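Reviewing the structure listed below.
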Amino acid sequence: MEKDFTKSENIVTHLGDEYTKFLGAVVPPIFQTSLFTRKEASFGYVYSRVNNPTIEIAEKKIAQLEKGNKAYCFSSGMAAITASLMNSLSAGDHVVCVRSVYMPVRYFIENTLSRYNITGDFVPGERLEDFEAAIKPNTKLIYLESPSSNIFALQDIKAVSELAHSKGIRVAIDNTWATPYFQNPLELGADIVIHSASKYLGGHSDIVGGVLITKDPELASVGSEERFNYGACMDPHQAWLLLRSLRTLPLRMEQHQKNALKVAKFLESHPKVDRVFYPGLESDPGHELGKKQMRGYSGLLGLTLKTDDHTKIVPALKNLKYFEDGPSWGSFESLFNASSSFSDEATKKKFGWPDNLIRLSIGLENGDSLVEDLDNALSFLK
Ligand SMILES: Cc1ncc(COP(=O)(O)O)c(C=O)c1O
């Protein structure tokens, strides 16, 4: 009998761990080396910006989790994202991007790619017609993030990919929110999947990293040249920590989902909460599509609070005991982030954010304790 590497739990625990290669060690070593000598060139390693055995194990596992063929690890999620954009676009090209994308992606398109004569349009993305209307003769890439940042709006990955491919356009998607445990965009037709490994893949708030994955053999080199030339490679120690984290990805995601659903249901019925943005809720506009293209929902959600003065929000949230005020997400600890509620009107409009929007990253604490904590903090919102 062969090990079944179609199952996430088996991939994270066993794929690529070649015990005989590493003196029987159950945890593969960190190859903390920049160089591999020419004397041993037959092993195929050269220089750790190009390849490294520890990083390769992480890449193998993530490629298989995403049902892809090739993965490249980067020094951050943004390094993987910019590699996907630079690989897919040339001077004169156009990109259609989802409006509520992770903010620096939009700024990279607007402020950096524009200097190379690449233009971009930003669409809400909940309807296929949004993309149909934005596509131009020179569109070469559709960039998705489903669910998207802060408002967690979904795009129909299969329908958008079919539309794009009928016009010779590539589709890249940021799958950081759902993780490969809950969603596999390559199976739905996307060409490039990107992750910030700094979130759930890492899961312990101790690494910054990124991954780019493809399935089509013709796209197998996407990311390779960019990593080699721009130099944003992952460090072997980072990759080792990522491997440590991946072993518990399925367990962690189940618990994030369980806690987030409990919190989302509580918030949905709270009198001081206007709306909850979480596709795991049956009331969420993305729920039906979510059921079609995802197997579950992670722990990051948004909510709008009923208040006529947004400056009252942070003082009330400061009463939280388990949730710290912090900008990242996807890790063991719960966090709140109210920064979008302090954005100017133009920024809110640009990204499609409503007033008084708050983001909660639901961690791995006891779910009832998190609900109690939120209930107490909301009582301070007058
Ligand atoms: C949805 C999303 N994608 C990508 C990134 C960028 O990842 P990194 O911080 O690893 O560069 C982030 C970071 O917050 C994010 O929220």
Side-chain angles (χ1 to χ4, degrees), residues 1-75 80 175 179-182 184 186-187 193 195-215 217 220 223-224 227-228 233-255 295 330-332 364:
M1 192 190 89
E2 294 292 314
K3 287 177 187 151
D4 180 358
F5 288 135
T6 61
K7 306 275 193 298
S8 298
E9 295 84 352
N10 300 341
I11 299 167
V12 296
T13 47
H14 291 294
L15 184 79
D17 297 346
E18 295 171 48
Y19 298 153
T20 49
K21 208 161 141 187
F22 307 125
L23 311 176
V26 72
V27 176
I30 315 174
F31 280 84
Q32 195 70 38
T33 182
S34 57
L35 173 70
F36 298 85
T37 65
R38 291 219 168 88
K39 202 173 174 183
E40 305 300 348
S42 59
F43 293 137
Y45 298 104
V46 186
Y47 186 57
S48 285
R49 197 175 82 244
V50 182
N51 56 7
N52 173 288
T54 314
I55 298 169
E56 264 182 13
I57 300 172
E59 290 174 341
K60 267 190 196 164
K61 283 192 199 288
I62 295 168
Q64 182 73 9
L65 282 171
E66 271 298 2
K67 317 245 189 277
N69 282 321
K70 192 76 204 153
Y72 293 101
C73 284
F74 286 81
S75 58
N175 196 28
T179 82
Y181 184 63
F182 285 143
N184 295 123
L186 295 173
E187 292 221 304
V193 167
H195 285 278
S196 166
S198 328
K199 314 300 185 225
Y200 291 116
L201 296 187
H204 293 69
S205 289
D206 54 10
I207 58 167
V208 172
V211 197
L212 184 159
I213 310 108
T214 55
K215 183 177 181 186
S224 153
R227 186 173 68 176
F228 183 71
C233 57
M234 186 173 268
D235 173 80
H237 186 227
Q238 229 177 334
W240 187 85
L241 283 169
L242 177 56
L243 282 170
R244 176 281 321 261
S245 299
L246 286 174
R247 293 185 191 108
T248 56
L249 180 74
L251 290 171
R252 288 186 287 109
M253 294 320 294
E254 292 291 348
Q255 185 67 14
R295 295 180 292 274
S331 185
F332 66 91
L364 300 176

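Bear in mind the structure is a predicted one, so any value in this text is a computation, not a measurement. Numbers here simply count residues along the sequence, with the first being 1.
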How many angstroms lie between atom [atom1] of [X] and atom [atom2] of [Y], to the nearest 0.5 angstrom?
X: Lys3; Y: Asn10; atom1: NZ; atom2: CG; value: 9.0 Å
X: Leu246; Y: Ile57; atom1: CG; atom2: CD1; value: 11.5 Å
X: Leu212; Y: Glu66; atom1: CG; atom2: CD; value: 10.5 Å
X: Arg247; Y: His14; atom1: CZ; atom2: NE2; value: 10.5 Å
X: Thr179; Y: Leu249; atom1: OG1; atom2: CG; value: 5.0 Å
X: Ser34; Y: Asn52; atom1: OG; atom2: CG; value: 10.0 Å

Between [X] and [Y], what is the shortest heavy-atom contact and its length?
X: Pro29; Y: Thr54; answer: O-OG1, 3.0 Å
X: Ser198; Y: Gly209; answer: OG-N, 3.1 Å
X: Leu242; Y: Cys73; answer: CD2-SG, 4.4 Å
X: Arg295; Y: Tyr181; answer: NH2-O, 3.1 Å
X: Asn184; Y: Leu65; answer: ND2-O, 2.9 Å
X: Val211; Y: Ala71; answer: CG1-CB, 4.1 Å

**Asked** Hey, mind stepping through Phe5 and Lys61 against side chain to side chain contact (heavy atoms under 4.5 Å, CB included) and telling me if it holds?
**Response** CA-CA 10 Å; Phe5 288 135; Lys61 283 192 199 288; over 6 Å; no

Taking the side chain as C-beta and beyond, is there a heavy-atom pair between [X] and [Y] under 4.5 Å?
X: Pro28; Y: Lys21; value: no
X: Ile213; Y: Asn175; value: no
X: Cys233; Y: Tyr47; value: no
X: Pro180; Y: Leu201; value: yes
X: Lys215; Y: Lys67; value: no

**Pair Asp17-Lys60, side chain to side chain contact (heavy atoms under 4.5 Å, CB included): steps then yes or no** = CA-CA 10 Å; Asp17 297 346; Lys60 267 190 196 164; over 6 Å; no

Counting distance only, does the side-chain N/O of [X] pair as donor-acceptor with the main-chain N or O of [Y] below 3.5 Å?
X: Arg252; Y: Ser245; value: yes
X: Ser331; Y: Gly203; value: yes
X: Lys70; Y: Thr214; value: no
X: Ser196; Y: Gly210; value: no
X: Asp4; Y: Thr6; value: yes
X: Gln64; Y: Leu15; value: no
X: Asn51; Y: Gly44; value: yes
X: Arg49; Y: Phe228; value: yes

**Prompt:** What do you reckon, is CG of Leu23 surrounded by more than 12 foreign heavy atoms closer than 6.0 Å?
**Reply:** no

**Item:** Tyr19 atom OH, neighbour heavy-atom count above 12 within 6.0 Å
**Value:** yes

**Request:** Just do the side chain to side chain contact (heavy atoms under 4.5 Å, CB included) check on Phe22 and Val27 with the steps written out, would you?
**Result:** CA-CA 9 Å; Phe22 307 125; Val27 176; over 6 Å; no

**Message:** salt bridge (Lys or Arg N to Asp or Glu O under 4.0 Å) for Glu59 and Arg227? Distances and angles first, verdict last.
**Reply:** CA-CA 14 Å; Glu59 290 174 341; Arg227 186 173 68 176; 2.9 Å; yes

**From CA spacing to verdict: side chain to side chain contact (heavy atoms under 4.5 Å, CB included), Gln255, Phe332** = CA-CA 10 Å; Gln255 185 67 14; Phe332 66 91; over 6 Å; no

